[in-house]
Amino acid sequence: MMNIFDFTVKGQKTLQELPKKIQNRICKKLFEMKEHPDIFSILTVLVDYRAATHRLRVGSYRVILELTLQTKIDTHFSVLEVGHRKDIYR
């Protein structure tokens, strides 16, 4: 199963505002997740949080995701926002 992550404009902007070291960690984690057979065992479901459906934890940073399409072959996510855990849920 293939997992595909597409960045929204806001998701890309919030990622680019982070330090390069953190950007690399987050991109590396997303790249590792592309081939993960059971991605839902790693992601946390978000309840009552706007359009987002899941979050991914990368150290003290969170990647806010929206499940856009799920088929037997692949799963598509939109990256809505990226930020430090103290700021991301505000």
Side-chain angles (χ1 to χ4, degrees):
M1 181 181 244
M2 181 87 160
N3 303 304
I4 300 168
F5 298 96
D6 297 319
F7 280 83
T8 62
V9 173
K10 184 176 182 181
Q12 190 171 9
K13 182 180 177 190
T14 55
L15 178 67
Q16 290 174 346
E17 291 173 353
L18 299 174
K20 286 284 185 200
K21 183 178 177 183
I22 303 301
Q23 288 180 30
N24 291 338
R25 281 181 55 200
I26 291 170
C27 289
K28 180 180 175 187
K29 183 72 168 182
L30 289 175
F31 186 75
E32 290 171 0
M33 302 283 293
K34 287 180 86 167
E35 297 294 330
H36 197 281
D38 186 18
I39 192 165
F40 295 105
S41 65
I42 295 175
L43 298 178
T44 303
V45 176
L46 291 176
V47 180
D48 296 330
Y49 186 77
R50 297 178 282 214
T53 56
H54 296 83
R55 74 169 165 86
L56 174 64
R57 181 175 170 255
V58 183
S60 295
Y61 290 83
R62 303 294 181 264
V63 179
I64 306 299
L65 304 167
E66 176 187 15
L67 177 63
T68 52
L69 178 67
Q70 183 177 9
T71 65
K72 292 182 180 183
I73 300 169
D74 54 10
T75 306
H76 292 256
F77 289 96
S78 290
V79 178
L80 302 177
E81 240 179 310
V82 182
H84 194 274
R85 65 186 180 96
K86 71 177 180 175
D87 302 321
I88 196 75
Y89 299 111
R90 293 181 187 188

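Computed from a predicted structure; not experimentally measured.
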Measure the shortest side-chain to side-chain distance between [X] and [Y] over non-hydrogen atoms and say whether it is less than 4.5 angstrom.
| X | Y | answer |
| --- | --- | --- |
| I88 | V82 | no |
| H54 | T44 | no |
| Q23 | K20 | yes |
| L46 | T53 | no |
| T71 | L69 | yes |
| L15 | C27 | yes |
| R55 | L65 | no |
| T8 | V79 | no |

Looking only at heavy atoms, what is the nearest atom pair of [X] and [Y], with distance?
| X | Y | answer |
| --- | --- | --- |
| H36 | N3 | O-ND2, 3.1 Å |
| I4 | D74 | CD1-OD2, 3.7 Å |
| D38 | S41 | O-OG, 2.7 Å |

**OP:** Check for a donor-acceptor pair, side chain of R62 on one end and backbone N or O of G59 on the other, with a separation under 3.5 Å.
**Re:** yes

Original post:
Distance-only, no hydrogens or angles: does the T68 side chain make a donor-acceptor pair with backbone N or O of H76 under 3.5 Å?
Top reply: yes

Original post:
Does the pair L80 and K10 meet the rule for a side-chain contact (heavy atoms from CB on, under 4.5 Å), with working shown?
Top reply: CA-CA 6 Å; L80 302 177; K10 184 176 182 181; over 6 Å; no

Subject >> I73, CD1: over 12 other non-hydrogen atoms inside 6.0 angstrom >> reply: no

Subject >> Non-neighbouring partners of H84 that pass ring-ring contact (aromatic ring centres under 6.0 Å, His included), sequence neighbours left out >> reply: Y61

Original post:
By ring-ring contact (aromatic ring centres under 6.0 Å, His included), which residues pair with F5, not counting sequence neighbours?
Top reply: F77

Original post:
Do the side chains of I39 and V58 join up, straight or via other hydrophobic residues, at under 4.5 Å, putting them in one cluster?
Top reply: yes

**OP:** Check whether L67 and M2 end up in the same hydrophobic cluster, where Ile, Leu, Val, Met, Phe, Trp and Tyr are linked by side-chain heavy atoms less than 4.5 Å apart.
**Re:** no

**OP:** Starting at NZ of K29, measure out to CZ of R57 and round the result to the nearest 0.5 Å.
**Re:** 9.0 Å

Original post:
Residues in salt bridge (Lys or Arg N to Asp or Glu O under 4.0 Å) with E66, at least two apart?
Top reply: none

**OP:** I would like to know whether F7 and L30 meet side-chain contact (heavy atoms from CB on, under 4.5 Å); could you show each step before the answer?
**Re:** CA-CA 11 Å; F7 280 83; L30 289 175; 3.7 Å; yes

